[in-house]
Amino acid sequence: MCGIVLQMVRNFIKKLSNRMVISFVVCLIVFLLYFVLLPSDYTDANNGADGGDLLAAILTDGIPHPTGYPTYLIFGKLFQLIPLGTPYYRGALLSLLFSSLTAGLISYYFCFARNDENNAAVGAIAAFAVGISFGTSPSVWSQGVIVEVYGLESFFMVCAIFWLKLILRGDVSGRNDIGLTFLSLVIGLGIGNHVMILLMVPLALFAYYSAYKKGVNIWKLLKYSCLVITSAVVVYTTLPIRARQFPPINWGNPQNMKNFIWLISGQLYHGLAFGLPTADILPRIGAYAKFLLEQFGILGFFIGILGAAKTDATGKMKWAYFWIIFIYSIFSILYLTNDSMVYLIPALIVFSIWIGEGLMDLWKGLEINPFLGKVLVALFFILLLIRIPGIIEEIDPREDNAARLYAEQCLNILPQDAILLTEEDPDTFPIWYYHFGLGQRADIRVIVTLALQGFLSHYSLVELFRFQLQEFALQQ
């Protein structure tokens, strides 16, 4: 009996170590690829204009643009304690670390989901491809080397997919229960990082229904829901606490319920969601198809399609994958901004998994020609390696100094006690970072003219006057 138990333990450690080794190698490779591109100082490259707002809020204990991103603020503050480089560099390290962790975690998830002992070597190759494909896709890479919320969001999304897989298995006892408890708390934090994760709610209901039909205790399932909600509520309560300190970056001033709802619901951007004019839908769909091809290359794209079409090993998870692709694609296509493709990162996670499934199918034997399948797998890795220099040249943020030079020169030439009028995000957020975040030129006042009209429609003049008095007191 003891021998059987020991053998089971050895097998478990062997499985874990194999998964962990693959995940670690993927994580390390992605980390190093990203690390060499990390900018030393402020940049708004790769559609990263929001970085100035986020960093200014982190450095002043303030509140950035809706939805407030409280989880990101907490992690951002922790990373500012690292005694390396500039505040921007430390903020970019946050994106780098969680993007590389996500790549490794996707590889681990793929091994876990397949759990195919008969094809362990092939599964290891496919798992490696899954993580590297995701980590080297230009969109993911571009967000992993700047100050933005999407590196952290991708990590939480993979945790949510892991959570779904465990629920759909219908076994919530022992280690699975511990894992689900932990993941539930993590997913709640994920809601505090970016509310886009809430598009996974229909999948959670689907998974609960499936698990309940398998005889899973409903109270266990409710426990996980309560943990998610509690974790999210706790992290969002930090926003009113921040607002009570009247920081200079204080979007929405969520000290009462009306302002709090305005902030966390992203009411400011409701007109952008599904706001794309009908005439622009077809061109955006064309841009979407081009985007996917750019992320994985032509061969990677078709291998992913093969994986989506042929695999049946993932059971009900395949419907979850299709939902993620569908809902995030629709949202991204119809969102009325030029950089909306960044919302496709959850879809890129799924497509990377499909690439792994397709590679396994090719390696195990293409029905037309088994040898050709193996050649295509080898060609996929060769092309992936060849693509890397071009991707680096495309997304390298280190030489994009325009925003930094603009802010520095602007602050240098302003006379004493000047009033600086800015208009939109690209010319406002760099100033906020240097003026509020770094404390430069405390004598000047910054007014965002384009936002003033909307601000006055949301707040009373008394509130506006109170903000001005508080800012004046803080700067004295």
Side-chain angles (χ1 to χ4, degrees), residues 14-30 33 99-137 140 154 157-158 161-162 164-165 168-169 292 295-318 320-322 324-325 346-388:
K14 183 179 179 181
K15 289 180 184 177
L16 185 65
S17 62
N18 289 339
R19 296 171 185 168
M20 291 297 292
V21 168
I22 296 167
S23 301
F24 176 77
V25 170
V26 168
C27 182
L28 181 61
I29 291 173
V30 173
L33 286 173
S99 293
S100 54
L101 283 175
T102 301
L105 187 58
I106 295 174
S107 294
Y108 185 90
Y109 168 79
F110 185 83
C111 293
F112 174 82
R114 294 290 306 188
N115 197 27
D116 189 354
E117 295 183 3
N118 296 325
N119 297 282
V122 181
I125 294 171
F128 178 81
V130 168
I132 296 298
S133 295
F134 176 79
T136 58
S137 61
V140 174
S154 64
M157 281 298 307
V158 178
I161 291 172
F162 223 122
L164 282 170
K165 180 66 178 177
L168 285 170
R169 281 189 171 182
L292 286 180
Q295 300 311 301
F296 304 108
I298 295 176
L299 182 58
F301 176 79
F302 283 107
I303 290 175
I305 295 298
L306 174 66
K310 298 203 68 174
T311 182
D312 58 359
T314 51
K316 292 182 179 179
M317 275 303 294
K318 66 181 177 182
Y321 296 154
F322 280 118
I324 293 171
I325 289 283
L348 298 183
I349 293 172
V350 170
F351 206 89
S352 299
I353 294 170
W354 282 348
I355 287 176
E357 298 284 1
L359 287 172
M360 287 196 71
D361 191 70
L362 287 173
W363 186 270
K364 287 187 293 184
L366 192 68
E367 293 179 1
I368 302 173
N369 187 331
F371 177 74
L372 177 61
K374 293 178 175 58
V375 170
L376 289 174
V377 172
L379 183 60
F380 167 81
F381 282 104
I382 292 171
L383 292 177
L384 188 150
L385 189 62
I386 292 173
R387 275 166 41 88
I388 288 178

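Numbering starts at 1 and runs along the sequence shown. These figures come from a predicted structure and were not determined experimentally.
- For the residue pair Ala126 and Met360, the shortest heavy atom distance occurs at CB-CG, 3.4 Å.
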- Item | Val30 vs Thr136, side chain to side chain contact (heavy atoms under 4.5 Å, CB included): CA-CA, chis, key distance, verdict | CA-CA 7 Å; Val30 173; Thr136 58; 5.6 Å; no
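- Side-chain N or O atoms of Arg114 include none that pairs as donor or acceptor with a backbone N or O of Glu357 at under 3.5 Å.
- Shown here are the side-chain hydrogen bond (donor to acceptor under 3.5 Å, both in side chains) partners of Thr102, two or more places apart in sequence or in another chain: Ser154.
- Phe296 contributes atom CZ, which lies 6.5 Å from atom CZ of Phe351 (distance to the nearest 0.5 angstrom).
- Under the rule for a ring pair (Phe, Tyr, Trp, His ring centres under 6.0 Å), Phe381 has no partner lying at least two apart in sequence or in another chain.
- Atoms CE and CD1, from Met157 and Ile106 in turn, are 10.0 Å apart once rounded to the nearest 0.5 Å.
- A search for side chain to side chain contact (heavy atoms under 4.5 Å, CB included) contacts involving Ser99 returns Tyr34, not counting sequence neighbours.
- Atom OH of Tyr108 sits about 8.5 Å away from atom SG of Cys111, to the nearest 0.5 Å.
- The OG atom of Ser23 sits 13.5 Å away from atom OH of Tyr109, with the distance rounded to the nearest 0.5 Å.
- With rounding to the nearest 0.5 Å, the separation of OG in Ser100 from CD1 in Ile29 is 12.0 Å.
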Show me the donor-acceptor pairs, under 3.5 Å and distance only, between side chains in residues 298-307 and residues at least two apart or in other chains.
none

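- Of all heavy-atom pairs spanning Ile22 and Ala124, the tightest one is CD1-CB, 3.4 Å.
- Separation of atoms CD1 (Ile353) and CD1 (Ile161) is listed at 5.0 Å; rounding is to 0.5 Å.
- Proximity of a side-chain donor or acceptor of Ser107 to a complementary backbone N or O of Ala127 within less than 3.5 Å is detected.
- Under the 4.5 Å side-chain criterion, counting only non-hydrogen atoms from C-beta, Ile125 is not in contact with Leu359.
- Smallest separation of non-hydrogen atoms from Val140 and Gln295: N-OE1, 4.4 Å.
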- Go through the steps to decide whether Phe380 and Leu362 satisfy the test side chain to side chain contact (heavy atoms under 4.5 Å, CB included), and finish with yes or no. CA-CA 11 Å; Phe380 167 81; Leu362 287 173; over 6 Å; no
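- Checked by atom type and distance alone, the side chain of Ser133 never pairs as donor or acceptor with a backbone atom of Val130 at under 3.5 Å.
- Phe110 pairs by the ring pair (Phe, Tyr, Trp, His ring centres under 6.0 Å) definition with nothing, not counting sequence neighbours.
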